[in-house]
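First up is the structure itself, then whatever we jot down about it.
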Number of protein chains: 2
Amino acid sequence: MNSRSTVDSLFGAMQSDTFDATQCPVRNILDRIGDKWTSLVLVALADRPHRFSELQRAAPDISKRMLTQTLRQLERDGLITRQVFPTKPPAVQYQLSPLGVSVLEPLGHLIDWANRSYDQILSARAEYDSANPASALPVNA
Amino acid sequence: MNSRSTVDSLFGAMQSDTFDATQCPVRNILDRIGDKWTSLVLVALADRPHRFSELQRAAPDISKRMLTQTLRQLERDGLITRQVFPTKPPAVQYQLSPLGVSVLEPLGHLIDWANRSYDQILSARAEYDSANPASALPVNA
DNA sequence: CCGCATCCTACACGATACTG
DNA sequence: CAGTATCGTGTAGGATGCGG
């Protein structure tokens with residue numbers, strides 16, 4: 001496996017005394033990727049630039065509040081750019097920056113893996129759950 | 001970009017009427033990856049199999065509760081296997097399953113990207129914050 | 001149309017104490 | 001050693017209404 005060495009080196013870094021998890025780059029990124037809407041917005045913008053309301057339509061169940069928040073985060077991190085057209089009423093366009101485009105590749109790999117592996121995961125869950133008739137799992141079922 | 005087509009097709013799927021976000025494979029996976037400890041445990045186990053207390057030492061700030069929960073999730077999803085040695089006191093070993101090993105590759109790509117891009121992100125944040133002297137960001141600074 | 005402020009709820013997570 | 005059970009908290013995130 002190719003990525004093995006990088007994973008090992010990360011693990012080594014985690015073991016060091018001076019390791020501060022709060023400013024670990026990986027934690028930082030994964031927290032973003034993992035939150036409920038970030039990756040969704042990135043994927044939507046991979047298609048083409050979108051306006052605010054277009055993004056809302058693209059993800060029907062996102063609230064204005066969270067969409068705004070997600071976009072601000074991405075803008076702050078330099079993954080997307082925000083362009084205001086002073087028309088009336090105003091129009092705002094969001095699009096991926098080069099940095100934002102660059103994340104699509106690793107993100108795409110993960111998405112591919114998810115799609116390829118989902119059946120295996122589902123059957124693994126079914127097997128586990130049938131072997132463990134109820135309890136034993138304190139979290140979301 | 002290679003992964004562009006898969007991203008686009010995902011986006012297309014999201015747009016369909018029959019799309020149910022709650023059982024979207026990608027959402028499912030990213031929720032796991034994004035939670036606080038899953039990826040950390042996966043990376044730790046990439047090195048070699050670990051016992052429960054070894055994992056605790058590897059991630060000094062994880063509580064027993066969360067470690068147990070994370071391990072259960074991963075076991076249920078079939079990414080890791082759990083093996084109990086009925087010694088006294090008992091020893092339990094966790095190791096990656098083939099499926100678990102397979103996630104290291106896309107996960108490694110993302111980790112690489114995070115490490116490579118972190119400087120850019122930090123400077124983007126600094127620039128954004130200096131341009132927006134305070135307010136304007138309702139979330140964690 | 002865009003997006004901020006306010007209020008509120010649910011759940012992720014941590015701390016602690018107890019069992020086989 | 002390897003967990004489970006219980007409790008308490010912070011905060012992510014949804015609903016709503018106002019303002020430019």
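Below, read A as the first sequence line, B as the second, and so on, with proteins coming before strands; counting in each chain starts at 1.
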Check: B:Ser123 side chain, B:Gln120 main-chain N or O, donor-acceptor pair, under 3.5 Å: yes
Nearest-angstrom distance from the residue atom CG of A:Leu55 to P of C:dC1: 14 Å
B:Val41/B:Leu67 under side chain to side chain contact (heavy atoms under 4.5 Å, CB included): CA gap, chis, key distance, verdict: CA-CA 8 Å; B:Val41 169; B:Leu67 181 55; 4.1 Å; yes
For C:dC2, does either OP1 or OP2 sit under 4.0 Å from a side-chain N or O belonging to A:Thr68? no
Side chain to side chain contact (heavy atoms under 4.5 Å, CB included) evaluation trace for B:Leu96 with B:Leu79: CA-CA 6 Å; B:Leu96 294 178; B:Leu79 296 190; 5.7 Å; no
List for me each residue that meets side chain to side chain contact (heavy atoms under 4.5 Å, CB included) alongside B:Thr68, sequence neighbours excluded, and say none if there are none. B:Phe52, B:Arg72
What is the separation between atom NE2 on B:His50 and atom P on D:dA2, rounded to the nearest whole Å? 12 Å
If hydrophobic clusters are built by linking Ile, Leu, Val, Met, Phe, Trp and Tyr wherever their side-chain heavy atoms come under 4.5 Å apart, do A:Leu55 and A:Phe85 end up in the same one? no
Return a single string for nucleotides 14-20 of chain C, one symbol per nucleotide in 5' to 3' order, where B is base contact, S is sugar-phosphate-only contact and - is none, cutoff 4.0 angstrom on heavy atoms. BB----B
As a quick check of understanding, evaluate side chain to side chain contact (heavy atoms under 4.5 Å, CB included) for A:Asp31 and B:Lys36, giving each step before the final call. CA-CA 7 Å; A:Asp31 283 354; B:Lys36 204 169 181 184; 5.6 Å; no
Using whole Å, what does the distance between atom P of nucleotide D:dA5 and atom CG of B:Leu67 come to? 17 Å
Can you tell me how far P of D:dA12 sits from CG of A:Asp31, to the nearest Å? 10 Å
Check this one for me: any side-chain N or O of A:Tyr94 less than 4.0 Å away from OP1 or OP2 of C:dG3? yes
Rounding to a whole Å, what distance do you find between A:Asp35:CG and C:dA12:P? 15 Å
B:Arg82 has an atom CZ; how far is it from atom P of D:dA2, in whole Å? 10 Å
For A:Glu54, salt bridge (charged side-chain N to carboxylate O under 4.0 Å, His left out) partners two or more places apart: A:Arg48
According to the side chain to side chain donor-acceptor pair (under 3.5 Å) rule, which pairs have a member within residues 86-100 of chain A, sequence neighbours left out? A:Arg82-A:Tyr94
Round to a whole Å and report the spacing from CZ of A:Arg72 to P of C:dA5. 10 Å
Check the distance between D:dA15's C1' and A:Gln69's CD and give it to me in whole angstrom. 15 Å
Angle, rounded to 10°, between the helical axes spanning five pairs at each terminus of the helix from C:dC1-D:dG20 to C:dG20-D:dC1? 40°
List for me each residue that meets side-chain hydrogen bond (donor to acceptor under 3.5 Å, both in side chains) alongside B:Thr38, sequence neighbours excluded, and say none if there are none. B:Asp35
